[in-house]
Structure formats: structure tokens, C-alpha cells
Amino acid sequence: MTDAVPVASAAEAASPLAGLRVAVTRSADRAGAFADALAAAGAEPVLVPVIDFEISDNEILGAALGRLAAGEYRWLVVSSITTVRALKQWCETAGTSLADLIPATTSVATIGPTSVAVLAAEGIHAALAPTDLQSAAGLVELWPQAHDGGGRVLLPQSDLAEPRLVEGLNTKGWDTDVVTAYHTVDYPAQDGSRLTASLAHSTRATSPPVNSSYALLTPAQAAQEVQAGVIHAVVLASGSAARRVASTMAPLPDGCLVVAIGQPTRDEALRLGLRVVATATHPTPAGIVAALAAAHKNFHTK
């Protein structure tokens with residue numbers, strides 16, 4: 001006789017995160033897709049914004065975008081969705097659009113399917129983007145080796161961006177101009193400086209859960225709930241978020257499941273001494289849900 005194989009109930013399969021209260025380290029205007037996906041999987045998301053974004057020096061960014069419009073760059077690299085917002089906000093102030101700013105001679109690259117869709121909604125075709133390793137490292141893997149002197153690349157990004165992307169492009173023979181498109185700051189950003197441009201493409205599901213109004217906590221409040229065992233998991237949405245969690249909420253108890261949105265975020269969290277139990281294969285809402293569901297299942301079957 002063979003042993004019976006336990007089969008997950010329909011309820012468990014439909015709601016793999018039932019009973020979990022999950023902290024999402026993004027502000028309300030950026031956390032919707034992740035919170036919706038967690039709620040659809042049975043979790044109770046709570047929003048814990050730890051970082052925010054402010055506009056950069058308009059004169060410096062404007063000079064770089066002027067060179068872009070003049071056709072001085074072979075490539076424009078958009079390394080995050082926040083970069084799209086920052087560039088769009090500058091364009092709105094200047095009375096133009098990002099699509100009108102990019103000449104036909106300049107190709108656009110980005111870091112994954114979600115940002116491809118965001119750019120497409122703004123009227124911009126991304127000619128190059130990784131689908132598996134959706135990160136700077138993934139884009140560098142795809143990047144062509146420069147020939148005949150290569151060409152110039154414009155890379156607008158956060159003031160806290162890791163150097164791996166520019167280093168990778170330069171290694172392949174390209175001349176990369178880096179410009180600060182926005183500043184990453186502790187939440188909340190200063191009034192009048194906050195990045196406020198909205199995107200034409202929403203990353204949220206077309207039909208979010210009926211109860212899609214989520215609780216909002218400060219890092220101090222979240223830290224208290226984590227220590228009390230009321231918050232069961234924390235989603236680290238970036239390396240900057242990992243740094244803020246480490247400085248405002250650590251040490252996290254062993255029973256709190258910490259999930260990283262991708263390998264760079266995991267590396268930064270581990271460097272800071274955070275215990276990461278799972279890393280999303282893809283930096284998407286579905287990827288986060290799958291990683292957390294696997295970690296939750298493993299935690300309760302040990």
C-alpha cells in the first residue's frame with residue numbers, strides 16, 4: 001500500500017497567503033499592484049512607505065535631455081519606472097512629451113516587461129529589455145558590444161543607483177553619460193519637490209479587489225507590529241527600502257518572513273544583516289506572491 005499524498009484544498013490553492021498580514025514598503029501611489037496581488041492571494045496588505053522621490057536639478061537634467069533631443073545619443077536607458085515618471089515630470093514642465101523628445105535615431109532600452117508596457121503607454125518603443133533577469137545585470141547581458149567606436153548612451157537614474165549598469169555598458173565599449181533624474185529620500189518627500197507625475201499605464205490589475213483601501217503605517221508603527229507578531233511578512237521593494245527597514249524596523253524576529261523583489265535587493269538586505277527567506281524570480285506582483293507563498297509554505301512545514 002502506498003501512502004496517501006496530501007492534496008491542498010481548493011481554498012488553500014486560491015488563497016495561499018490567507019492569514020498573513022504583509023507590509024509592503026511602498027507609498028500608496030506606487031504600491032497598488034503589489035497590494036492588490038497580495039490581497040487576491042488572501043493576505044492583508046499594509047502599506048509602509050519608507051522611501052520617496054524628489055525632482056532633481058532641472059537645469060542639469062534639462063541639459064542632458066537637450067542633448068538627447070539633438071540626436072547626440074545612440075541609446076537612452078530607462079532603468080526604472082520611477083525614471084519614466086521623473087522624465088515625464090520634466091517634460092510636462094518644459095511643455096513637451098518624452099515621446100517627442102526622443103529622436104528616431106535614438107533607441108530605448110529598459111529593464112523588463114512592465115517598464116516596456118509603461119513606456120509604450122507614453123508612446124515610446126523599447127527596443128531592448130530582458131525578460132528573464134529583469135535587472136541591470138540582465139540588461140547588461142543583452143547589451144551589444146560596441147563596434148567602430150561605439151556611441152553615446154544617456155542613463156538618467158536615481159542619485160543612489162548602483163554603478164553596475166554604467167560599469168557594464170562602459171565595459172562593452174559604450175560612452176555612458178549618467179545624469180541624476182531624481183533623488184531617493186526618506187518618506188515623505190518635501191512639499192513642492194516630490195515626484196508627482198502620473199503614468200498613462202497603470203501597473204494595477206484591471207479589476208482590483210473590492211476592498212482595495214489598505215492600512216497605512218509609519219515605519220515606527222510597523223516595527224511595533226512586527227515585534228508584536230501582528231505583521232507576519234515584509235516585502236522589500238528595493239535596495240533603498242531594505243536600508244530603511246534595517247534602520248527603522250530591525251532586528252526582525254525569525255518568524256517574520258522577509259521577501260526581496262529581486263537579487264540586487266536581496267544582496268543589499270543580506271549585507272545589512274536582514275534575514276531574507278525568499279527572492280522573487282521576477283520583480284512583479286505575481287513574482288512577489290509566488291515567493292512569499294513558497295516561503296510561507298516552507299516555514300510551516302519545517
Side-chain angles (χ1 to χ4, degrees), residues 51-91 93-94 96 98-99 101-103 105-112 114-116 118-119 122 124 126-130 133-147 149-185 189 193-195 197 238-243 262-265 267-268 271 283:
I51 62 171
D52 209 347
F53 306 104
E54 294 180 352
I55 57 176
S56 65
D57 186 310
N58 270 351
E59 185 175 341
I60 295 175
L61 179 59
L65 295 180
R67 294 192 297 272
L68 172 68
E72 295 186 22
Y73 296 103
R74 290 270 301 277
W75 285 91
L76 168 66
V77 176
V78 179
S79 58
S80 70
I81 292 173
T82 305
T83 300
V84 182
R85 294 179 63 205
L87 298 181
K88 185 173 183 178
Q89 187 154 327
W90 183 92
C91 288
T93 301
T96 186
L98 190 53
L101 197 67
I102 302 171
T105 53
T106 299
S107 299
V108 177
T110 190
I111 43 85
T114 302
S115 52
V116 168
V118 167
L119 286 167
E122 302 294 338
I124 300 161
L128 187 67
L133 185 59
Q134 298 173 29
S135 65
L139 183 57
V140 170
E141 280 187 10
L142 293 179
W143 199 266
Q145 189 71 39
H147 298 290
R152 297 178 70 187
V153 178
L154 178 60
L155 175 58
Q157 58 183 9
S158 166
D159 60 322
L160 300 183
E162 295 291 332
R164 68 184 68 193
L165 182 51
V166 63
E167 290 173 354
L169 300 183
N170 290 343
T171 297
K172 291 204 170 185
W174 294 83
D175 181 11
T176 308
D177 287 355
V178 178
V179 63
T180 297
Y182 61 93
H183 295 280
T184 302
V185 299
S193 296
R194 188 169 192 262
L195 202 58
S238 66
S240 298
R243 289 189 286 273
Q263 191 62 44
T265 299
D267 292 344
E268 181 65 2
R271 185 189 70 79

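In this text, all values refer to a predicted model and were calculated from it rather than measured experimentally. Each residue takes its place number in the sequence, starting with 1. As a basis for the values below, the full set of heavy atoms in this structure was taken, side chains included, without hydrogen atoms, waters or symmetry mates.
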Stepwise, does the side-chain contact (heavy atoms from CB on, under 4.5 Å) test hold for L165 with S79? CA-CA 9 Å; L165 182 51; S79 58; 3.9 Å; yes
Apply the test side-chain contact (heavy atoms from CB on, under 4.5 Å) to residues W75 and L169: give CA-CA distance (whole Å), side-chain angles for both, the deciding distance (0.1 Å), then the verdict. CA-CA 11 Å; W75 285 91; L169 300 183; over 6 Å; no
Determine whether I60 and T180 satisfy the following criterion, side-chain contact (heavy atoms from CB on, under 4.5 Å), listing intermediate values before the conclusion. CA-CA 8 Å; I60 295 175; T180 297; over 6 Å; no
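The backbone N or O of E54 lies less than 3.5 Å from no partner atom in the side chain of S193, so there is not a single donor-acceptor pair. Without hydrogens or angle criteria, T110 side chain to V116 main chain gives no donor-acceptor distance under 3.5 Å. Distance alone, capped at 3.5 Å, is enough to place a donor-acceptor pair between the W174 side chain and the P144 backbone.
Applying the side chain to side chain contact (heavy atoms under 4.5 Å, CB included) test to I111 and every residue at least two apart in sequence or in another chain returns S115, L139. In this structure R243 satisfies the salt bridge (Lys or Arg N to Asp or Glu O under 4.0 Å) test together with E268, sequence neighbours excluded.
Contact annotation: the side chain of I51 approaches that of S238 to within less than 4.5 Å [non-hydrogen atoms, C-beta and beyond]. Within the 4.5 Å cutoff, side-chain heavy atoms of L154 are placed close to those of L65. Residues V108 and V78 form a side-chain contact, since some pair of their non-hydrogen atoms from C-beta on lies under 4.5 Å apart. Using a 4.5 Å heavy-atom cutoff, the side chains of I55 and L195 are in contact. With a 4.5 Å cut-off on side-chain heavy atoms, L119 and V84 count as touching.
R74 and G151 make their closest contact through CG-CA, 4.0 Å (heavy atoms, listed as atom of the first residue, atom of the second, distance). For the pair A146 and G173, the tightest heavy-atom approach, listed with the atom from each and the gap, is CB-O, 3.4 Å. Between P264 and S135, the shortest heavy-atom contact is CG-CB, 4.5 Å. Taking all atoms of both residues into account, the shortest heavy-atom contact from L101 to C91 is CD2-SG, 4.0 Å. Of all non-hydrogen atoms in E122 and K88, the two that sit nearest each other are OE2-NZ, 3.1 Å. Pairing each heavy atom of G71 with each of T105, the nearest pair is CA-OG1, 4.3 Å.
Listed by first and then second residue, the salt bridge (Lys or Arg N to Asp or Glu O under 4.0 Å) pairs that reach into residues 150-179 are E72-R152, R152-D177, sequence neighbours excluded.
Ring geometry for Y182 against F53 counts as perpendicular: the plane angle is over 60°, on a 0 to 90° scale with 30° as the lower cut.
The line from CG of L68 to CG of L76 is 5.5 Å long, rounded to the nearest 0.5 Å.
In this structure, Q145 places its CD atom where more than 12 heavy-atom neighbours from other residues, nucleotides or ligands lie under 6.0 Å away.
No side-chain donor-acceptor contact under 3.5 Å links T184 and S240.
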